[in-house]
Amino acid sequence: MSSNSTILYNNLKKEFNSQNPDLKKCGDYLAKLKIALSKMQLLLPEGDVKNTEELLIARDILEIGAYWSVRVKDIPSFERYIAQLNTYYTDYSSLLQPSQAMYPLTGLNLLRLLSQNRIAEFHTALENIEPEQLLESVYIKHPVHLEQYLMEGSYNKVWNSRNEVPAPEYLFFIDILMGTIRSEIASCSEKAYSYLPLADAATLLFFNNNTNELLNFASERGWSVSQAEMKIYFTTKDDDHVEIPSDSIIKQALHYARELEQIV
């Protein structure tokens, strides 16, 4: 690795690990370092790579990139970094020292698949994880338990899992997952009720003690909110009334009837 790339790498680590990192600056460092890794054929290494030190640095850069992607809420970027890291975690696992970030990032990726409702891929990814890690790693157990809660329909447990995240980055995907759950609950509520008290709707949709978020959600769904009655009235497309122009239809029918009489 060139001296310039080494300086960029050290600057990236220092900035990203600082108390209040400049994520834009980190993004600039990552973009330049990925170009350097590509030129060195370390972005997606193939075959025998003898310089293990360069492999370790490249893996570290990609891991920082994956965490950075979550912090800037760039899911496609996170997915690309994980795909690149899988080569390091599988093909070069015998050459490199174990990475402390491997299971936290693997757990994050499992959570991403759950939040995107890609259940088949979620189970495929689980099959590539050592059985003992499914039982021992808090980073892996967390998304596994979430998937079980979803299958049970225990949405309150999904919500409560926010208080048990093994790393702050997990909250990003849990919030996306909760958004999907809220939409499902909202669709069922529209069919089951004509209205609900605001407090009950807030509890049902997990907007605990946050009226503004509930009102914004209601507005997005096209619901009517009565502050005086403290109720939400559900209005959906199925509730729209189609006005039938009865007068014009009757006149048109009479006109056709007269024409038929003349023909006869």
Side-chain angles (χ1 to χ4, degrees), residues 19-24 67-79 107-108 110-119 122 142-249:
Q19 190 171 0
N20 187 25
D22 185 332
L23 295 178
K24 185 180 182 306
Y67 279 121
W68 171 84
S69 299
V70 174
R71 293 193 189 183
V72 298
K73 302 181 179 181
D74 188 339
I75 297 176
S77 174
F78 175 78
E79 191 169 357
L108 268 176
L110 289 171
L111 199 50
R112 172 187 68 85
L113 293 171
L114 274 185
S115 71
Q116 295 174 328
N117 199 30
R118 294 160 67 173
I119 305 302
F122 175 87
H142 189 271
V144 168
H145 288 161
L146 277 180
E147 196 259 349
Q148 292 172 351
Y149 300 154
L150 289 172
M151 295 302 102
E152 297 168 0
S154 302
Y155 297 148
N156 61 316
K157 292 183 179 179
V158 177
W159 173 257
N160 291 333
S161 72
R162 299 179 86 262
N163 300 320
E164 303 167 354
V165 292
E169 289 82 5
Y170 279 55
L171 290 173
F172 171 59
F173 290 114
I174 290 179
D175 286 343
I176 294 175
L177 189 58
M178 285 307 304
T180 303
I181 289 172
R182 284 192 181 106
S183 294
E184 292 181 5
I185 294 173
S187 296
C188 293
S189 299
E190 290 168 344
K191 294 177 175 63
Y193 309 104
S194 57
Y195 70 88
L196 276 176
L198 279 174
D200 291 348
T203 300
L204 189 65
L205 294 165
F206 300 98
F207 286 121
N208 300 345
N209 302 319
N210 198 322
T211 304
N212 288 334
E213 285 191 3
L214 172 61
L215 295 178
N216 289 335
F217 185 81
S219 176
E220 291 172 0
R221 300 286 304 191
W223 297 341
S224 300
V225 178
S226 172
Q227 295 283 9
E229 297 177 295
M230 297 295 288
K231 293 179 180 178
I232 284 181
Y233 289 88
F234 302 116
T235 56
T236 65
K237 292 181 180 179
D238 295 335
D239 298 326
D240 295 340
H241 297 288
V242 178
E243 293 187 6
I244 301 175
S246 55
D247 290 343
S248 62
I249 290 175

Inset, instruction - Find out whether L177 and R112 are in side-chain contact, i.e. whether some heavy atom of one side chain is under 4.5 Å from a heavy atom of the other. - result: no
Legend entry - Pair I181-M178, side chain to side chain contact (heavy atoms under 4.5 Å, CB included): steps then yes or no: CA-CA 5 Å; I181 289 172; M178 285 307 304; 4.0 Å; yes
Inset, instruction - Answer with yes or no after comparing the ring centroid distance for W68 and F78 against a 6.0 Å cut-off, counting only values under it. - result: no
Legend entry - CG-CZ distance between N117 and F122, expressed to the nearest 0.5 angstrom: 11.5 Å
Legend entry - E79 and R118 ion-paired at < 4.0 Å: yes
Legend entry - Under 3.5 Å donor-acceptor, S154 side chain and L150 backbone: no
Inset, instruction - Check whether any side-chain heavy atom of P197 lies under 4.5 Å from a side-chain heavy atom of M230, and answer yes or no. - result: no
Inset, instruction - I would like to know whether K157 and H145 meet side chain to side chain contact (heavy atoms under 4.5 Å, CB included); could you show each step before the answer? - result: CA-CA 9 Å; K157 292 183 179 179; H145 288 161; over 6 Å; no
Inset, instruction - Nearest 0.5 Å please: distance from the CZ atom of R221 over to the CG atom of L205. - result: 9.0 Å
Inset, instruction - Output yes when a side-chain donor or acceptor of S161 lies under 3.5 Å from a complementary backbone atom of V158, and no otherwise. - result: yes
Legend entry - Six-ring centre of F207, R182 cation under 6.0 angstrom, axis tolerance 45°: yes
Inset, instruction - Considering non-hydrogen atoms only, spot the tightest contact between S69 and S77 and give its length. - result: OG-OG, 2.7 Å
Legend entry - side chain to side chain contact (heavy atoms under 4.5 Å, CB included) against E164, all qualifying residues, sequence neighbours excluded: none
Legend entry - Donor-acceptor pair between E229 and Y195 side chains, under 3.5 angstrom: no
Inset, instruction - Enter the distance from Y149:OH to N160:CG here, rounded to the nearest 0.5 Å. - result: 9.0 Å
Legend entry - Shortest non-hydrogen separation from L196 to F234 and the atoms involved: CD1-CZ, 3.8 Å
Inset, instruction - Might you point out which heavy atoms bring L171 and R162 nearest each other, and give the distance in Å? - result: CD2-O, 3.6 Å
Legend entry - Value rounded to 0.5 Å, distance of CG in L110 from CD in E147: 10.0 Å
Legend entry - Heavy-atom closest pair, residues S226 and Y233: CB-CE1, 4.1 Å
Legend entry - Donor-acceptor contact present, side-chain S189 to main-chain I185, <3.5 Å: yes
Inset, instruction - Kindly write out the residues that satisfy side chain to side chain contact (heavy atoms under 4.5 Å, CB included) with I176, not counting sequence neighbours, or none if the list is empty. - result: I75, S115, F172, F173
Legend entry - Nearest non-hydrogen partners of L108 and Y67, listed with the distance: CD1-CE2, 4.1 Å
Legend entry - Closest contact, heavy atoms only, P21 versus R71: CG-NH1, 3.6 Å
Legend entry - Distance in Å, Y170 OH paired with L146 CG, rounded so as to fall on 0.5 Å steps: 10.0 Å
Legend entry - CG-CD1 distance between L198 and I232, expressed to the nearest 0.5 angstrom: 5.0 Å
Legend entry - More than 12 heavy atoms of other groups within 6.0 Å of N163 CG: yes
